[in-house]
Amino acid sequence: MIDWISFILVAVVSIGASAAIVALFAAGLRLLAVEGRRAIIRSGAYACFAVAALGVLFGIYLIIPVFHAG
């Protein structure tokens, strides 16, 4: 029997997480496109990229079963 509540919860969380990662990456690109490109703006762009990359790496960590053996 399928637990539909858990299935819907996983679907909603995965869609939300992927939307957040894409939004962070897009914000980083937008910050890099700003005229003048001050150091603080460039740092914010790189921070957005870093958080997006950490989200991707955490997703990979959750998917690969060798990390959960035990």
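Nothing here was measured: the structure is a model prediction, and the numbers come from that model.
The hydrophobic clustering, which links ILVMFWY residues whose side-chain heavy atoms are closer than 4.5 Å, places Ile5 and Val12 apart. Clustering ILVMFWY residues whenever any of their side-chain heavy atoms sit less than 4.5 angstrom apart, transitively, puts Val66 in the very cluster that holds Phe58. Residues Phe25 and Tyr46 share a single hydrophobic cluster, defined by chaining ILVMFWY side chains whose heavy atoms lie under 4.5 Å apart. Ile40 and Val34 end up in the same hydrophobic cluster when Ile, Leu, Val, Met, Phe, Trp and Tyr side chains are linked at under 4.5 Å.
The aromatic rings of Trp4 and Phe7 lie perpendicular to each other, with more than 60° between the two planes, well past the 30° mark.
In this structure, Cys48 and Ala27 approach most closely via the heavy-atom pair SG-CB, 4.1 Å. Between Ile21 and Gly55, the shortest heavy-atom contact is CD1-C, 3.7 Å.
Taking a 6.0 Å sphere around CG of Leu62, one finds it holds more than 12 heavy atoms contributed by other residues, nucleotides or ligands. Within 6.0 Å of the CG atom in Leu57, the count of heavy atoms belonging to other residues, nucleotides or ligands exceeds 12.
Here the options are Leu24, Leu54, Leu32, the test is side-chain contact (heavy atoms from CB on, under 4.5 Å), and the partner is Phe49; only Leu32 passes.
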